[in-house]
Amino acid sequence: MDKPILDSSIEYLKGVGPSRAKLLKEELAIHTFRDLLLQYPFRYVDKTVFHRIRDLTPDSGEVQLHGILRRLETLGGGRKKRLVGRFRDDSGVIELIWFKGAHWIQNSLQVGKEYIIYGRVNAFGHKLSIPHPEIEEPKKEKQAPAATFAPVYPSTEKLNAKGLDVKVRRRMMQALFQKVKPTDIPENLPEYLVERMRLPKRFDAMRAIHFPRNQAELDKAINRLKFEELFFLQLRLLQLKSRRQRAVAGYTFEKVGDSFHQYYKEKIPFELTGAQKRVIKEIRYDMGSGRQMNRLLQGDVGSGKTMVGLMCMLIAIDNGYQTAMMAPTEILAQQHFQSISEYLEDMDLRTGFLSGSVKGKKRRELLEDLAAGKIDILIGTHALIEDPVVFKNLGLAITDEQHRFGVKQRAKLWKKSKPYPPHVLVMTATPIPRTLAMTLYGDLDVSVIDELPPGRKPVTTQHRTEAHRMRVIGFMREEIAKGRQVYVVYPLIEESEKLDLQNLDEGYEALSREFPRPEYQISIVHGRMKTADKEFEMQRFVKGETQIMVATTVIEVGVNVPNASVMVIENTERFGLSQLHQLRGRVGRGAEQSYCILLTGNKLSNEGRERIQTMVKTNNGFEIAEADLRLRGPGNIDGTQQSGILNLRLADLALDGRILQTARELAARILEKDPDLTHPANANTKRFLDQHGPQLKGWSRIS
Ligand code: ADP
Ligand code: MG
């Protein structure tokens, strides 16, 4: 078979040639016809309307004018050098200005000639001008324009300066579509799907996205191409998932046994929420299915994930297996150990703790007991997956705060158990938007606790600036007088760690003046302290010996002090949304009304303002995660780099949730009937998948 025409070098497209090809490669990574085709316009200009110069105002925005070029001259010198033209229609005159590419413009335009120009009106004082307009000669006959919406492509200064401007790009696209035939851009979705969903054919959609005749046609084309992207992404993810399910057998936990029942009937200190019950059921079913479980458990701060984890561990233990729970920090691990030991008081179960700080004889004994199967539940830090740690039969491993565990560390877990890998439950309090979870963890099962235990009072959140500082201090005093405790948190960003510490120290000193000893006691904790010192200071606060905890974000995860009712965040604008949400989750854990005060300077970026407004508006972690995704884009959310979702050209996970949902459902339905896509009706889809997969790494299978 001949080489597909789309693989031809861009050099051979009419009007390109070697030097333009070189530019296109260097500036836009366009090497082939296909690359050109797949660089979609980022906007369109409406060429159906003409404006009159007299009617223009500073707010006119983008306009199209028809008139005569009256003068063209170079003004100013040095950096102010510019090319200025006067453009006249029958209602008035306006200036056209070029700061770059003057030479090329001057050679291509002719004074006294009729042109159609297109550009954005700029106002300098009263004077209006149009910088860097697009210029065309009017069509000879009054024929209908080929495209009423003209495409605008991503470009660079260098390309524009070398004359490879938007007009040339459009001409290249036109040349491309004169060359390629519908068979060169074959349908890649199953025909029956295209028909049933009334999608435009792939070729038609491609042509329409570059040269739409009207808005409706453009919308349909974009919708189809987005669907296509998401459909193939989901096909790949779901195939990975079903392969994993077929391939990896797991321990079958057949029964829910004595300790589970005993605990549930006699010991459990509260009624489980509906969401907790549902999730425990999902996990129980999974662990009883004969295949290895890989499940992500999402639940907001305080939603009661620990108890869910514990109940699942009891199921594993009842089936004769050991269990492990890992946390990313010593403090968090200790806290899990404490709460689980408390939950399990008087039960005949053996619990162990392991971290780097457990040494010598104690460690040796622990490891021996573990290997001998004398320990049912091992709780700890990364130390738990180091090589010398040998389990007798690890059946279930739980990791908390998934995003802090590296992929490699999780992979080690798999090796801790024979003949099957342990069931894995990953718990995270960083909610991931549903659209993203579906994609990012498309090959994982996801459970969600979407309900908080009853009786929680939502934290009241307020935004305050420097001007309010004294009032904030007064408020802290009132709360402390009621017997409550207060966190004051400073940002810590690695590049400027020194500066941050200085902030922290100064803040601490200022607070010490406002809250003098001996009436008040203040703890201080930051990342540079020795673990033991940190621990000591934390404990003072936990025990209520200090009323204020000044800290960097080391307290972000884990610490549980129900008596703390105020969270003051300094330089809030420097924190990301998910971090702020985590921090706020430190308060509101007791019965009292709690408060989160977001301090900022007076000046805020738009994005910073929106982050703060989001925090003030909602306590719902999923809403916050959605906002985070919208503000920062998927590229900045943990895990996305590995997932292949950044290869999406058109679809936007923050906005296209509905299309994604449909794509996922249809992909799942197709794979259910035809897992390897061997049916003739799916042949073109399989071919496309084989030829063009950005290879997805099945990274989450080792979560
Ligand atoms: P997280 O999901 O943030 O890990 P935890 O498991 O630490 O939440 O639970 C937060 C607090 O809520 C703990 O003090 C826990 O004992 C309590 N809790 C959990 N589930 C319930 C429930 N169903 N009813 C009442 N309190 C609960
Ligand atoms: Mg927790």
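Order of appearance sets the numbers: ligands from 1, and atoms from 1 within every ligand. Small disclaimer: the values here were computed from a predicted structure and weren't measured. Index from 1, following the sequence.
Taking the six-membered ring wherever Trp is involved, the centroid distance between the rings of H423 and F253 falls below 6.0 Å.
For ligand 1 and D300, the ligand atoms under 4.0 Å from any heavy atom of the residue are 2 (O).
The protein heavy-atom contact nearest to atom 22 (C) of ligand 1 is F270 CD1, 3.3 Å. Given atom 7 (O) of ligand 1, the protein heavy atom at minimum distance is T306 OG1, 3.6 Å. The shortest contact between atom 14 (O) of ligand 1 and any protein heavy atom is with N560 ND2, 4.4 Å. Looking only at protein heavy atoms, the nearest one to atom 17 (C) of ligand 1 is R456 NH2, 3.7 Å. From the protein, the heavy atom lying nearest to atom 13 (C) of ligand 1 is Y343 OH, 4.2 Å. The shortest contact between atom 9 (O) of ligand 1 and any protein heavy atom is with G304 CA, 3.7 Å.
For the ligand labelled ligand 1, residue G299 lies outside the 4.0 Å heavy-atom shell.
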E282/R278 under salt bridge (Lys or Arg N to Asp or Glu O under 4.0 Å): CA gap, chis, key distance, verdict: CA-CA 6 Å; E282 285 169 2; R278 173 171 45 75; 3.8 Å; yes
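A salt bridge links R291 with D286: the closest approach of a Lys/Arg side-chain nitrogen to an acidic carboxylate oxygen falls below 4.0 angstrom.
Ring orientation note: the planes of Y487 and F541 are tilted relative to one another, at an angle of 30° to 60°.
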